[in-house]
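Reminder, nothing fancy here: chain letters follow the sequence lines and each chain counts from 1. Given the structure is predicted, the values throughout are model-derived calculations rather than measurements. The figures that follow rest on heavy atoms only: side chains count, while hydrogens, waters and symmetry mates do not.
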Amino acid sequence: MKQTPKEKIKFLKEVLGTRYPEPRSELLFESPFQLLIATILAAQATDRQVNIITRELFRAAPDAKSLSLLEPESILKLVRSINYCNNKAKNIRSVSIILTGQYAGKVPETREELEKLPGVGRKTANVVLAAAFHQPVMPVDTHVHRVSNRLGLCHTSKVEETEAALIAIIPEPWVVDFHHYLLLHGRYTCKAKKPDCPTCPLATICPSTGKTTS
DNA sequence: AACTCGGGGCA
DNA sequence: TGCCCAGAGTT
């Protein structure tokens, strides 16, 4: 079944949008700062954990300055239930101090500056650039990378090349949703081991259906 | 490239 | 119960 990339993207968005829950909208957060902090906390964690924590955290400290003024112990207490809580408590405190001191409390809008912040790597930086500042960049993690290759949206082992391939075919307003849906699809259906092709709604258009071993 | 961090989701 | 991580930092 032949499809142009644009038609394929539209199809993917419709199918995955009905199968998985709505993405955590950036509108849930009042500012780029809150999105940045929530994204740092989200590494190796689930939506549920992050939502519970950020609700409390942003009530206590809604912006960079107020977070930077909290005692380290208070921050740790607020994030204690999440993975890597010790590192993350330290990181978000450092980030809030850096933003307050060097960026007037605002979040920088370049990947170079974002990646200098502790706890922020390429993927987290790209999430912030795309979701908060609507820049044309695609966040790619292991799930997005694997699923995109299996679906034939790209053919590469390099994350940077997957980013470029995806951003070229996904309309800017859809980038954040796509990241979310491809991630969930990789997590729950298009798994690294034993992908669930029999229940996959994309099996009819996926070049890898039934081909994936181990 | 390999290892660590580390609590929770999922089979 | 045991396996596997919504990555990033260090070696």
Figure out the [atom1]/[atom2] separation between [X] and [N], and round it to whole Å.
| X | N | atom1 | atom2 | result |
| --- | --- | --- | --- | --- |
| L35(A) | dA6(C) | CG | C1' | 13 Å |
| H185(A) | dA6(C) | NE2 | C1' | 16 Å |
| N83(A) | dC5(B) | CG | C1' | 10 Å |
| N87(A) | dG6(B) | CG | P | 6 Å |
| R80(A) | dG7(B) | CZ | P | 11 Å |
| I52(A) | dG7(B) | CD1 | P | 16 Å |
| L184(A) | dC5(C) | CG | C1' | 14 Å |
| I53(A) | dG6(B) | CD1 | P | 15 Å |

Using the [atom1] atom as the point on both nucleotides, what is the distance between [M] and [N], in whole Å?
| N | M | atom1 | value |
| --- | --- | --- | --- |
| dA6(C) | dA2(B) | C1' | 22 Å |
| dG9(C) | dG8(B) | C1' | 22 Å |
| dG7(C) | dC10(B) | P | 15 Å |

Give, for atom [atom1] of [X] and atom [atom2] of [Y], the distance between the pair rounded to the nearest 0.5 Å.
| X | Y | atom1 | atom2 | result |
| --- | --- | --- | --- | --- |
| T54(A) | L35(A) | OG1 | CG | 10.5 Å |
| F178(A) | S148(A) | CZ | OG | 9.0 Å |
| N126(A) | L129(A) | CG | CG | 6.0 Å |
| I9(A) | K6(A) | CD1 | NZ | 11.5 Å |

### Task
May I ask you to decide whether E7(A) forms a salt bridge with K10(A), counting only side-chain N to carboxylate O separations under 4.0 Å?
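Not counted as a salt bridge, because no side-chain N and carboxylate O are separated by less than 4.0 Å.
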Is it true that the side chains of [X] and [Y] contain a donor and an acceptor less than 3.5 Å apart?
| X | Y | value |
| --- | --- | --- |
| S66(A) | D63(A) | yes |
| T46(A) | Q49(A) | yes |
| Y20(A) | T189(A) | yes |

Could you list the donor-acceptor pairs under 3.5 angstrom formed between side-chain atoms of residues 114-122 of chain A and any protein atom two or more places apart in sequence or on another chain?
from: R122(A); atom 1: NE; to: E163(A); atom 2: OE1; distance (Å): 3.3
from: R122(A); atom 1: NE; to: E163(A); atom 2: OE2; distance (Å): 2.8
from: R122(A); atom 1: NH2; to: E163(A); atom 2: OE1; distance (Å): 2.8

Strictly under 3.5 Å: I want the nitrogen or oxygen pairs between protein and nucleotides 7-11 of chain C, one per line.
from: dG7(C); atom 1: OP1; to: Q44(A); atom 2: N; distance (Å): 2.3
from: dG7(C); atom 1: OP1; to: Q44(A); atom 2: OE1; distance (Å): 2.7
from: dG7(C); atom 1: O5'; to: Q44(A); atom 2: OE1; distance (Å): 3.4
from: dA8(C); atom 1: OP1; to: G121(A); atom 2: N; distance (Å): 3.3
from: dA8(C); atom 1: OP1; to: T124(A); atom 2: N; distance (Å): 3.1
from: dA8(C); atom 1: OP1; to: T124(A); atom 2: OG1; distance (Å): 2.6
from: dG9(C); atom 1: OP1; to: G119(A); atom 2: N; distance (Å): 2.7

Got a list of protein N/O to nucleotides 9-11 of chain B N/O distances below 3.5 Å?
from: dC10(B); atom 1: OP1; to: Y188(A); atom 2: OH; distance (Å): 3.1

